[in-house]
Structure formats: C-alpha cells, structure tokens
Amino acid sequence: MAPQVINRFFQKIFSLFYFILKRALLLVEFFLFLRLLLKFLSANPKSLVVSLIYQYSDILVFPFKFIFPNIYWQGYFIETATLSAMIGYGLAVFIFFQLSRFFSNDQV
C-alpha cells in the first residue's frame with residue numbers, strides 16, 4: 001500500500017512539473033516572438049515597453065548570439081539569434097519531454 005501512495009505522489013509531482021514546464025515554454029516562446037516581431041517592424045528601442053522586452057529577452061537570446069548572421073530581407077531586419085533561441089528552447093524541452101516519457105511508466 002505504501003509504495004502505491006508514494007508512486008501516486010511522484011506521479012502528481014511529475015504532472016505538476018510537466019504542466020509548469022509547458023506553460024513556461026509557452027511564455028518564453030511568446031516573449032521571444034514579441035522580440036522578433038518588434039525587431040522585424042523596427043520598433044523604437046527608446047520606448048519603455050520595447051526597451052523592457054529587449055532588456056529581459058536579451059538574457060534568453062544571449063546563448064544563441066553569433067551563431068548565424070542577421071538577415072536583412074527587403075528592408076526588414078530578421079534577428080537570427082532570436083529565431084535560434086526559439087528553436088533551441090523548443091527543441092530542448094521537446095527532448096526533455098520525450099526522455100521523461102521514455103523513463104516513466106505512465107504517459108502524461
């Protein structure tokens with residue numbers, strides 16, 4: 001009886017962690033998409049909202065800087081570091097979820 005209770009407890013903890021990680025990834029991806037869109041539309045970086053988005057998303061984009069050169073396409077700026085960050089974080093969480101399903105008995 002005790003192992004079943006412990007097993008259910010860990011399943012609930014894992015489910016909660018899984019839910020929080022999914023929501024955090026959605027928030028990060030949305031935040032990075034806002035940055036990408038603002039850069040693409042050449043938003044004024046002196047604006048308070050835009051500067052806050054750039055400032056706080058710099059932390060997320062920093063590990064991906066200088067992987068690829070930025071692209072200027074028909075007069076628009078495409079920041080490849082932000083695109084790389086969006087793909088990288090999404091891929092990392094996807095791999096984590098796949099590995100957690102592989103090592104768990106229960107499908108979440």
Side-chain angles (χ1 to χ4, degrees):
M1 178 129 176
Q4 289 176 345
V5 171
I6 293 172
N7 192 19
R8 271 190 261 137
F9 173 74
F10 282 119
Q11 284 178 349
K12 287 185 180 188
I13 294 293
F14 179 75
S15 295
L16 179 64
F17 179 71
Y18 186 83
F19 176 79
I20 290 171
L21 192 59
K22 279 174 69 174
R23 294 300 182 245
L25 176 67
L26 285 173
L27 185 64
V28 165
E29 292 287 336
F30 178 72
F31 197 54
L32 289 173
F33 177 74
L34 277 177
R35 176 189 174 99
L36 186 67
L37 186 64
L38 290 171
K39 292 266 184 171
F40 184 75
L41 296 174
S42 301
N44 183 5
K46 293 180 183 177
S47 168
L48 178 63
V49 174
V50 175
S51 69
L52 285 175
I53 290 173
Y54 287 170
Q55 179 183 357
Y56 290 114
S57 63
D58 274 343
I59 297 166
L60 297 170
V61 174
F62 180 74
F64 298 93
K65 287 223 186 249
F66 310 114
I67 293 177
F68 300 109
N70 291 324
I71 300 169
Y72 293 95
W73 178 68
Q74 296 182 0
Y76 293 103
F77 177 72
I78 301 173
E79 188 180 36
T80 56
T82 303
L83 283 174
S84 299
M86 291 174 75
I87 293 168
Y89 291 126
L91 189 61
V93 171
F94 174 77
I95 290 170
F96 174 78
F97 286 154
Q98 293 305 314
L99 287 174
S100 66
R101 285 185 179 158
F102 179 74
F103 289 113
S104 72
N105 298 340
D106 200 33
Q107 293 287 335
V108 176

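Note that the structure is a prediction, hence the values are computed from the model and not measured. Index from 1, following the sequence.
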>> Using only atom types and a distance under 3.5 Å, with no angle test, would you say the side chain of S51 pairs donor to acceptor with the backbone of K46?
In response: no
>> Just to verify, what does L36 make a side-chain contact (heavy atoms from CB on, under 4.5 Å) with, not counting sequence neighbours?
In response: T82, L83, M86
>> Show me the pairs that pass ring-ring contact (aromatic ring centres under 6.0 Å, His included) and involve residues 62-88, at least two apart or across chains.
In response: F40-Y76, F64-Y89, Y72-F77
> Would you call the rings of F97 and Y18 parallel, tilted or perpendicular if under 30° counts as parallel and over 60° as perpendicular?
Replying inline: tilted
>> The criterion is side-chain contact (heavy atoms from CB on, under 4.5 Å); which residues satisfy it with F30, sequence neighbours excluded?
In response: L34
> Shared ILVMFWY cluster between F14 and L16, side chains joined below 4.5 angstrom?
Replying inline: no
>> Under the criterion side-chain contact (heavy atoms from CB on, under 4.5 Å), I'd like the reasoning laid out for L32 against V61: C-alpha separation, chi angles, the key distance, then a yes or no.
In response: CA-CA 8 Å; L32 289 173; V61 174; 3.6 Å; yes
> Can you hop from V93 to I20 via hydrophobic side chains spaced under 4.5 Å?
Replying inline: no
>> For Q55, give me all partners under side-chain contact (heavy atoms from CB on, under 4.5 Å), at least two apart in sequence or on another chain.
In response: L52
>> Restricting to salt bridge (charged side-chain N to carboxylate O under 4.0 Å, His left out), what partner residues turn up for K22, sequence neighbours left out?
In response: none
>> Can you give me the closest heavy-atom contact between I67 and P63, atom names plus distance?
In response: CD1-O, 4.4 Å
> Could you state the interatomic distance from CG (L60) to CZ (R35), rounded to the nearest 0.5 Å?
Replying inline: 9.0 Å
> With sequence neighbours excluded, what pairs up with I95 under the side-chain contact (heavy atoms from CB on, under 4.5 Å) test?
Replying inline: L91, L99
> For P45 and Y54, which heavy atoms make the closest approach, and how far apart are they?
Replying inline: CB-CE1, 3.9 Å
> Are L26 and F19 co-members of a hydrophobic cluster defined by side-chain heavy atoms under 4.5 Å apart?
Replying inline: no
>> Does any part of the side chain of L27, heavy atoms only, come nearer than 4.5 Å to the side chain of F31, both counted from C-beta?
In response: no
>> In this structure, would V49 and L37 fall into the same cluster of hydrophobic residues linked by side-chain contacts under 4.5 Å?
In response: yes
> How long is the span from the NZ atom in K65 to the CD atom in E79, to the nearest 0.5 Å?
Replying inline: 5.0 Å
>> Quick one, I71 and T80 - any side-chain contact, counting heavy atoms below 4.5 Å?
In response: yes
